[in-house]
Amino acid sequence: MSTPEKPALEGLEDKWKSRWETDGTYRFDRSASRSQVYSIDTPPPTVSGSLHVGHVFSYTHTDIVARYQRMRGKAVFYPMGWDDNGLPTERRVQNYYGVRCDPSLLYDPSFTPPEKPDKQPIAISRPNFVELCVRLTHEDERAFEQLWRYLGMSVDWSMTYATISRDAQRVSQLAFLHELDRGQAYQLEAPTLWDIDFRTAVAQAELEDREMPGAYHRLRFAHAGGEGAVEIDTTRPELIPACVALVAHPDDPRYQPLFGQHVITPLFGVPVPVRPHPLADPEKGTGIAMICTFGDVTDVIWWRELSLPVRAVIQTNGALRPVTWGSEGWESNDAATAQRHYDSIVGLSASKARARVVELLRESGDLTGDPRPITHHVKFFEKGDRPLEIVTSRQWFIRTMDNREALLARGRELKWVPHHMVARYENWVNGLNGDWCVSRQRFFGVPFPLWYRVGADGAIDYRQPLLPDAAQLPIDPSTEVPAGYRADQRGVPGGFAGDPDVMDTWATSSLTPFIVCGWERDPDLFQRTFPMDLRPQAHDIIRTWLFSTVLRAHLEEDALPWANTAISGWVLDPDRKKMSKSKGNVVTPMGLLEEHGSDAVRYWAAKGGPGVDTAFDAGQMKVGRRLAIKLLNASKFVLAKSCDTGPVTASLDRGMLWKLGRLVEHVGRHLDGYDYASALREIEEFFWWFCDDYIELVKRRRASDDPAGVSATVASARALSVMLRLFAPFLPFVTEEVWSWSRDGSVHRGPWPTPAEVTMGLSAETEQSDSAASRVASEVTARIRQERSARKLGFSVPARLMLTTPDDDRAPWDLVASDVIAGNNITSAQVSGSGDLAVSIDPQPVDV
RNA sequence: GGGCGGUUAGCUCAGCUGGUAGAGCACCGGCUUUACACGCCGGCUGUCACAGGUUCGAGCCCUGUACCGCCCACCA
């Protein structure tokens, strides 16, 4: 335990991250009661992606809060999770091992993937596929963990979880079964937004609008009576065979006479009714629209509310399905012509079929004019490449619409940092237009823990699912067998079939508070940690992760999942664009940490306030690095002569401590409100003042062993101890290093400083005069420095001081005069008059 | 179309309940001052986006406009 000769930052990360691990510095104390615990629902990063600067930025914010709470004496429950669920992992595993998942296959315990992936992917069962996902993501997790440790994240690494772990699956399945039991989950055969490339249903939360070129095609629908025709505009003429009605606004006089009449679809000769509906916009196109099953979500609304039949043509792969014209549901006035037209588009994708239909329309004369190009917004799956279609399929839903009011109330109950982010949540909840579709037609994910009976005719009966016992969970219905059945009855008449789908990744992620707190597994842990204290996350996933977590906690526990949520901003590149890989401006986090040092990068991150998008700024990191180095050097100086107890008699010393006491108070207030940026700013400001003014003024007095020297020694040592603890949540490495020079144990478990500790032994009666003295000392020193600079008199030139002070400053000046004189290389001081502060100096020749 | 945030020095940003515009970086000048040259001291830099309004007084409050970013939206 000693101060190094030449302190440096290099190597501190490696030194302390392993020491913290050995010492269990951040181990959660699970004997703590709920009120002593601070629990954090950390976002699990997607392991198959890569970490970027944005992660470093926002995770630092959370770590600052965690460290603050820990020093406040809380048992901080801070587990790290890995999100290895979902499509990114699935794709990566397919490519990495050269496999593909076939859920109809049975588990092969002896399967090992080939050394090198073959061109022809090997089909494997879902459990085998999941095993490979787990294996691959495990490697990613280790790399992530190394980075987090290097950054100084104070998580308890013994409590790491993964979203595809058996326990996460158990929690997902159990919550689903509860919701099924309570009628909050249900299945429905219904039109659903569908990605034709991923071949899965997608939820409202996963949509994004993209601007796409399109074109209005003006089509002619003949009146069924024979006389005249009506024209409609459509961007999707290929859906004419799926047309089931036309619709116009009820008040639109142009079309009122047509309501209840029929018109004939072009090319296919199908009589369809003309119906009124208020959603039809008289301003759009010709004011009358074609309803198809299904071209867009408005079609679904019209179809439902007008009780129209289904004539679906788009299949799950996006191609037009075969249709026999003239058969039931496909009646046509001219089935032969309809068939001939349809045969030329069957099997084509929507865009190819569209081009072909336009040719057919031109030939038949049902296209008025040329298509008019437009740009319009089209719904996409956020990870998808082609527009979504709407396909009718059986899906599982969790009820959101019935809970809208309750969810809005939960949103108001939650404390949002920054507060305005609550608007995003309310916006989303108010805009919900359907229950949450949680089933996905994918392989890697949490399966629905259900089987269905197969009837004697071989048809699956979805109405009464066969449920597993809760104690059995997690289960995979594609390999496990429901009670009362044998494995050889799978898929045969009179037997059973497993639900083929997996849950939406958010269906699992929405349960992170349950997963980490040991819901329905470790009741003791659960009651010590739930509801949690903090959910930190980014604002782009308020509608997904935050919303769905609030929903699940509401359904399961009738509670908020956490009391607070801190929404972090994004890291922007200097062009004010969100930093992203695709823009080619990604800096690897590890390179950044190695170049500037973790404390320096954390400093930059901490300067970005809660919810504030922040520019990537290497300059700030350099400033942070300088701060850390300054901390090393200043500490070395203070600790070179240190003493913990003794009377603080000098007014300047006391003034410094009073100022520090107020700082401690402010910083605590800022951090309680998650305003780490303001906290850091104030600490930093004090620290530079302490170094440049206070220490410079007292360093000579401090060298002596008389009572005045002891006063400065005690005060500066106390201040250093306090500042190290204030800086500790922000700069964990350098503060720990300095702390270790003179003290046992970790600064990160040290007590958070209190104003009372700082001003211990000081009499409140002197606060005003001490503070005034400290202020006058700084002001006069600044004037002397200005004078020296203006007159090019270096510090080494001794000078005589002539000072004018306001009357009010005369007494404070007397208290600090000797420090100001000694600290500014002044030979003698002459104070005169009264008025505005004025300083002049006379250089004094040095006696030879 | 609806909503949320932002616009302050060349750059990155503070500015609490209205009371004479701030910091850091950059730039310029100076300093061997035994903690630190990875340092210290000093200096320069502003129609607080724009237009109105309230007020003795507006960067801050109100109304409107513009631009930037984001979220949401039924996209014929």
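Below, read A as the first sequence line, B as the second, and so on, with proteins coming before strands; counting in each chain starts at 1. Treat the numbers as computed from the prediction; the structure is a model and nothing was measured.
Comparing atom distances between the A:Lys630 side chain and each of B:rC41, B:rG3, B:rG39 picks out B:rG39 as nearest. Of the listed nucleotides (B:rA35, B:rG43, B:rA14), B:rG43 has the atom at the smallest distance from the side chain of A:Gln786. Distance from the side chain of A:His420 is smallest for B:rG5 among the nucleotides B:rU33, B:rG5, B:rC13. In this structure, of B:rC70, B:rC72, B:rA35, it is B:rC72 that holds the atom nearest to the side chain of A:Asn427. Out of B:rC74, B:rA73, B:rG39, the shortest distance to the side chain of A:Trp428 is found at B:rA73.
Straight-line distance from the CZ atom of A:Arg626 to the C1' atom of B:rU12: 14 Å, rounded to whole Å. Between the NZ atom of A:Lys699 and the C1' atom of B:rC40 there is a distance of 9 Å, given to the nearest Å. Nucleotide B:rG1 holds its P atom 12 Å from the NZ atom of A:Lys284, rounded to whole Å. Atom-to-atom, CD1 of A:Ile841 to P of B:rG42 comes out at 13 Å; the value is rounded to the nearest Å. When rounded to the nearest whole Å, the span between CG of A:Leu627 and P of B:rC38 equals 17 Å. What separates CD1 of A:Ile567 from C1' of B:rG5 is a distance of 14 Å, to the nearest Å. Put simply, CZ on A:Arg785 is 11 Å from P on B:rG43, counting in whole angstrom units. What separates CG of A:Asn633 from P of B:rU33 is a distance of 18 Å, to the nearest Å.
The aromatic rings of A:Trp303 and A:Phe294 lie perpendicular to each other, with more than 60° between the two planes, well past the 30° mark. The aromatic rings of A:Phe616 and A:Trp604 sit perpendicular, their planes meeting at an angle over 60°, well past the 30° parallel limit. Using the six-membered ring where Trp is involved, A:Phe727 and A:Phe687 have ring planes that are perpendicular, over 60° apart on the 30 and 60° scheme.
Using a 4.0 Å heavy-atom cutoff across all strands shown, A:Asn825 reaches no nucleic acid atom at all. Backbone-only engagement by A:Asp692 is indicated by non-hydrogen atom pairs under 4.0 Å involving sugar-phosphate atoms exclusively. Residue contacts shown for A:Glu787 are absent, as no nucleic acid heavy atom lies under 4.0 Å away. Residue A:Lys6 is classed as a sugar-phosphate contact, given heavy-atom separations below 4.0 Å to backbone atoms only. In this structure, A:Lys792 reaches the sugar-phosphate backbone alone: every heavy-atom distance under 4.0 Å involves primed, P, OP1 or OP2 atoms, never a base. Residue-level contact check: A:Lys636 touches the backbone only, with heavy atoms under 4.0 Å from sugar-phosphate atoms and none from bases. A:Val378 comes within contact range of at least one nucleobase, with a heavy-atom separation under 4.0 Å. Among the heavy atoms of the strands lying under 4.0 Å from A:Cys691 is at least one base atom, whether or not backbone atoms are also near. Heavy atoms of A:Asp296 sit under 4.0 angstrom from at least one base atom. If you check every strand for non-hydrogen atoms under 4.0 Å, A:Lys622 touches nothing. When heavy atoms are screened at a 4.0 angstrom cut-off, A:Glu696 is found touching base atoms of the nucleic acid. Heavy atoms of A:Ala677 sit nowhere under 4.0 angstrom from any nucleic acid atom. Heavy atoms of A:Trp688 sit under 4.0 angstrom from primed sugar atoms or phosphate atoms, though from no base atom.
Put simply, the side chain of A:Asn825 reaches to within 4.5 Å of the side chain of A:Arg788, judged on heavy atoms.
B:rC68 and B:rC74 have their C1' atoms separated by 29 Å, with the value rounded to a whole Å. When the P atom is used for both B:rC11 and B:rC48, the distance is 16 Å, rounded to whole Å. For the P atoms, the distance from B:rC62 to B:rU54 is 15 Å, rounded to whole Å. Taking atom P in both B:rC28 and B:rU33, the straight-line distance is 24 Å, to the nearest Å. Taking atom P in both B:rU45 and B:rA9, one finds a spacing of 14 Å when rounded to whole Å. Comparing the P positions of B:rG53 and B:rC60 gives an interatomic distance of 14 Å, to the nearest angstrom. Nucleotides B:rU63 and B:rC56 have their C1' atoms positioned 23 Å apart, rounded to a whole Å. Spacing of P atoms, B:rG6 relative to B:rC44, comes out at 32 Å, to the nearest Å.
Taking the six-membered ring for Trp, A:His670 and A:Tyr676 have ring centres at least 6.0 Å apart. Between A:Phe686 and A:Trp689, a ring centre-to-centre spacing shorter than 6.0 Å is recorded.
Pairs of Watson-Crick or G-U wobble type, with distances under 3.5 Å, assemble into runs of 3 or more in RNA chain B at these ranges: B:1-7 with B:66-72, B:10-13 with B:22-25, B:27-31 with B:39-43, B:49-53 with B:61-65.
Ranked by how close their nearest RNA chain B nucleotide is to the 5' end, A:Arg424 and A:Gly794 are led by A:Gly794. Mapped onto RNA chain B by nearest heavy atom, A:Ala8 and A:Asp693 fall at different nucleotides, with A:Ala8 at the one closer to the 5' end.
Taking the ring centre of A:Phe637 as origin, the terminal cationic atom of A:Lys699 falls inside the region bounded by 6.0 Å and 45° from the ring axis.
Contact annotation: A:Arg543 side-chain N/O to B:rC72 OP1/OP2 distance is under 4.0 Å. When the side-chain nitrogen and oxygen atoms of A:Gln620 are compared with OP1 and OP2 of B:rC13, none of them lie within a distance under 4.0 Å. Residue A:Asn433 places none of its side-chain N or O atoms closer than 4.0 Å to OP1 or OP2 of B:rA73. OP1 or OP2 of B:rU33 has at least one side-chain nitrogen or oxygen of A:Ser796 nearer than 4.0 Å. Residue A:Lys379 places at least one side-chain N or O under 4.0 Å from the OP1 or OP2 atom of B:rC74.
A donor-acceptor pair under 3.5 Å is formed between the side chain of A:Gln204 and the backbone N or O of A:Gly431. In terms of modelled atom types and a separation under 3.5 Å, the side chain of A:Asp366 and the main chain of A:Leu361 share no donor-acceptor contact.
A salt bridge does not link A:Glu684 with A:Lys630: every distance from a Lys NZ or Arg NE/NH1/NH2 to an Asp or Glu carboxylate oxygen is 4.0 Å or more. Salt bridge present: A:Arg701 and A:Asp653 bring a charged side-chain N and a carboxylate O closer than 4.0 Å.
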